[in-house]
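So the structure is just underneath, and the comments pick up after that.
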Amino acid sequence: MDKSYDPAGIEERQYARWEESGYFAPAGSGDPYCIMIPPPNVTGTLHMGHAFQDTIMDALTRYHRMLGHRSLWQTGMDHAGIATQMVVERQLNAEGTSRKQLGRERFVERVWQWKELSGGSIRRQLRRLGASVDWSRDRFTMDEGLSAAVTQVFVRLYDDGLIYRGKRLVNWDPVLHTALSDLEVLQSDEPGHLWHFRYPLADGRGHIVIATTRPETMLGDSAVAVHPDDERYRELVGKKLTLPLVNRNIPIVADGYVDPEFGTGCLKITPAHDFNDYELGLRHDLPVYNIFDDNAAINELAPPAYRGLDRLAARKKIVDDMRALGLVETVEDHTLSVPRGDRSGAIVEPYLTDQWYVDIKPLAKPAIEAVESGRIRFVPANWAKTYFDWMHNIEDWCISRQLWWGHRIPAWYDEAGEIYVAQTEAAAREKYGLPDNVSLRQDEDVLDTWFSSGLWPFSTLGWPAETEDLRTFYPGNVLVTGFDIIFFWVARMIMLGLKFMGDVPFREVYIHGLIRDQDGQKMSKSKGNVLDPLDLIDGVDLDTLLKKRTAGLMQLHLKPAIDAATRQQFPNGIPAYGADALRFTFAALATTGRDIRFDLGRIEGYGKFCNKLWNASLYVLRSTEGFKRGDATLSAADRWIRSRLNQTISSVNDHFRNYRLDLAAQAIYDFTWHEFCDWYLELSKPVLQSGHATDAEKNGTQLTLLEVLETLLRLLHPLMPFITEEIWLEIAGRAGVAGETIMLQPFPVNDERWRDDEAEAELRWVMQFILGIRQIRGEMDISPGRPLRVLLQEASDEDRRRAARHAHLLERVGRVQSVRALQQGEAVPAAATALLGEMKLLVPMKGSIDVEAEKSRLVKQRQKLLLDLERSRQKLDNRNFVNNAPADVVTKENDRAAEFGRQIGQLDEQLAKLDALG
RNA sequence: GGGCGAUUAGCUCAGGGGUAGAGCGCCACGUUGACAUCGUGGAGGUCGGUGGUUCGAAACCACCAUCGCCCACCA
């Protein structure tokens, strides 16, 4: 083994070997275990959120694989329609060309090229993270098999009457020129105005005043509505207004939707450009005037003066013209909620178009029941509430997108516009009995990306064929994902899985938090605060980091701030921490909260942990050179560390079962560092490095070193696969374990036979002894190297026996030159004191110890004890406590009080002695 | 408007009806043959506020404050 820990070399070597050896494929005859990767978008590279999520899934997969389950972590990628199309379009723009110039076919080819590139990076990143996915099953949402699944699902839903085509208002993105689903529209509060316009009555007898935030839509008004009970306008209902600028007569209608308190209580109605107005228009049979084109510019149905103007230009001109006509009453500042496309950021326009929809309620019902009945369990459980809230209010799903990149909708039209839905054109002709001379053209649109993602749990396993994989791995065990896509993805997988597989797609949904930067900010390119997981693994210098963060920035004015913040946070770039450190950090951060701040301090600490493990292993190897199994006696320390290890194993298993990788990481870290390294390795030295121990004792310690380390490595493997494999290969043989890889070894399980309360009590005594001595050293400024003579006062027989049994440990680890129990009646010298149960540890002063310092040290301890005693007594003096608290609690409190009192007494004695000296 | 979450040491966070925890940071000391990416010792918190339940609340309940997120929205 190399003298120093070199993550880069280890990681490359081990991953290649695992992959070549086929260790990632499901194997054996155990129960199947399956996790479907949330397929990353082929828009570039994996970000910290992916790396976090992948770490969790890999840990779970490795854990179950080691438990002997036939484990599949299904990998793959998502074509991500809009997102990917935008990436490639941006590239084309930078090259001075465009999607339209290329034409559909060549554009799609170009996206495929990009997909290869991006897919390659993503696969490389997954490998670097140590992801044990079965690469032979890698899938892509647009590959042949998955595309066949998509069309099949579409056709079946259509045939079942659950997909329909309709002309309705949709969310239209005028920049991307496509419809969006409700989920792809984000509301943002933005400052604006509320314009009060006068609309004259057609009969010339006055006017009414309407309030609007969107003056430009008045060109499409087809009515003004008031509340039916609004006394102010009751007389006017049914009368006509003349719509200014357009000179169209429109009616005043009464509708309960109108809030009389808002504005003037008069609401202009534009059915073509507002969702509420559309509904109201239907109720009152109002005409629909669509005044926008695809770009949200004014179309030819509007008066000529406004044609061709963009929304905002039209707004300005309309306000000006209304003002010129004297029809503007007032203008107020007003904050309004603006709908924006989640990808383009453009203001989305309600727009009347033909789109395809899924009739969702029939699918939602069983999906709600699946969670209600517990067939699917959310972890943490409260996310089920979020799921229910959405599912109970779900609206039909608009699934058509006016894009080029995606699954083309399997629908054909004849010249009369009749619709034929089937897997292929040929199938359509056959299904509908269409002769060859009827010409058909396929729908130009593609499907929403989430339509194919929703099939992922079964399409990846070969559906619609009834494959062995489907039988084995559907339903999967757990879905690991963020709460941000519960609606987009989780809900749809549940609905579609139930519909097409007749069963839920997974038993549990583990919802993890979202990775944010150290200030709690979302990591995003435009904020310039993104971290590339590979940069944390490999390290990166400042210049490269600066370039990465500012290259291709959309808003150039942000560059100086990003530059400065980056320089401040990473003055020397980022050191290479290695994949294991990164993974362990992610695991440790996987708490139940929803925001996870990525703190560089944590990864630094866990990098050191790797180093610690490495060095401890070096020690174990050196200490067991030439080790052969033979007669072995296990010392108290040997039994103690095995007992502790067993308890750690038990809790780590619990934590894995509960998806608490943070607690699992913590438990392993504490055991490794603070029990195995801090104590056990130190305690092994006196046995192995001095001549006192017998061969059997040495054997016992060597065997324990090897077995504990070997087990610890297996326990740690799911979180830190690389370093554990590297070390394990070195020590397994010596520990008596055969195997080519740690990743197929059994995961440690609790074995009560190793539990040893007696050894634990014994070692607690030893450790307290040594800690007492160290405390005296530390506070009395005695150099750590100087051997001390220790006297025991009021030592029990057991204390004496223990002191004798562990004399070597005390000498070597505690740097104690000698331990001697004071005889009955023997004069007690002036000494620094530590308490150990009934006994006092005395370090005689002989002028070498500062009496005043020792006094103040003891006084401080005494004060602390007094506080404890006071609190304890208050409780015991409270009759209610004594009468009502459980007996064992009262007993415990009594014991505590007695113990505090006794220790105070001991300190008082000691202080009196010191006083006598001074 | 409805819902959810957070508030614990300087920072990042665990915990959870009876003794307040970790890592990092801080202070002091230390080249003890695994490790200075280390070791040893230490300082540091009335667990956001108010009220309630309880013998006992940091924990459970209610309300409030602050911050954050999600959903729905009155033009």
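Protein chains get the first letters and strands the later ones, always in sequence-line order, with residue 1 at the start of each. Quick note: numbers below take in every heavy atom, side chains included, and nothing from hydrogens, waters or symmetry partners.
- From A:F197, atom CZ reaches atom CD of A:E329 across 11.5 Å, with rounding to the nearest 0.5 Å.
- Judged by the 6.0 Å distance and 45° axis criteria, A:R516 is not positioned over the aromatic ring of A:F598.
- Using a 4.0 Å cut-off, no side-chain N or O of A:R777 falls inside it from OP1 or OP2 of B:U40.
- Checking B:U12 for Watson-Crick or G-U wobble geometry (two distances, each under 3.5 Å) identifies B:A22 as its partner.
- For the pair A:R774 and A:W679, the cation-pi test (distance below 6.0 Å, angle within 45°) is passed.
- A:L183 CG to A:I485 CD1: the interatomic distance, rounded to the nearest 0.5 Å, is 11.5 Å.
- The distance from atom CG of A:D519 to atom P of B:A6 is 21 Å, rounded to the nearest whole Å.
- Taking 3.5 Å as the limit, the base of B:A34 and the side chain of A:K3 contain no donor-acceptor pair of atoms between them.
- Put simply, CG on A:L663 and CZ on A:F656 are 11.5 Å apart, with the number rounded to the nearest 0.5 Å.
- Summary of the strand contacts: A:F609 and A:E779 both lie near RNA chain B, and taking for each the nucleotide with the nearest heavy atom, the more 5' one is attributed to A:F609.
- Taking side-chain N and O atoms only, A:Q689 has a distance below 4.0 Å to OP1 or OP2 of B:A34.
- Dashed line: the shortest gap from a side-chain N or O of A:W679 to OP1 or OP2 of B:G39 is not under 4.0 Å.
- Between the C1' atom of B:G15 and the NE2 atom of A:H655 lies a distance of 11 Å, rounded to the nearest Å.
- An OP1 or OP2 oxygen of B:C69 is reached within less than 4.0 angstrom by no side-chain nitrogen or oxygen of A:K522.
- Against RNA chain B, the stretch residues 260-269 of chain A makes heavy-atom approaches under 4.0 Å through A:F262, A:G265, A:L267.
- Regarding contacts with the backbone of B:G42, a side-chain N or O of A:Q775 is found under 4.0 angstrom from either OP1 or OP2.
- For A:S337, whose side chain is taken as the heavy atoms from C-beta onward, the closest listed nucleotide among B:C73, B:G18, B:C71 is B:C73.
- In terms of phosphate contacts, A:H674 brings a side-chain nitrogen or oxygen within less than 4.0 Å of OP1 or OP2 of B:G23.
- Residue A:H334 places at least one side-chain N or O closer than 4.0 Å to OP1 or OP2 of B:A75.
- A donor N or O paired with an acceptor N or O is found under 3.5 Å between the base of B:U19 and the side-chain atoms of A:R896.
- Residue side chain A:K612 reaches the base of B:C35 through a donor-acceptor N/O pair under 3.5 Å, judged by distance alone.
- At the heavy-atom level, A:L663 lies under 4.0 Å from the strands shown only through sugar-phosphate atoms.
- For B:G17 and B:C60, the P atoms lie 8 Å apart once the distance is rounded to whole Å.
- The shortest distance between the side-chain N/O atoms of A:R774 and the OP1/OP2 oxygens of B:C29 is not below 4.0 Å.
- One atom, CD of A:E625, and another, C1' of B:G33, lie 13 Å apart when rounded to the nearest Å.
- Summarising the geometry, the separation between CG on A:N615 and P on B:C35 is reported as 7 Å, rounded to the nearest angstrom.
- Taking side-chain N and O atoms only, A:R871 has a distance below 4.0 Å to OP1 or OP2 of B:A20.
- Judged by a 6.0 Å distance limit and a 45° cone about the ring axis, A:K685 is positioned over the six-membered ring of A:Y619.
- For A:T386 against B:C70, a side-chain-to-base donor-acceptor contact under 3.5 Å is absent.
- Here A:V882 lies out of heavy-atom contact (under 4.0 Å) with every strand.
- B:A6 and B:U66 make up a base pair, with Watson-Crick or G-U wobble contacts both under 3.5 Å.
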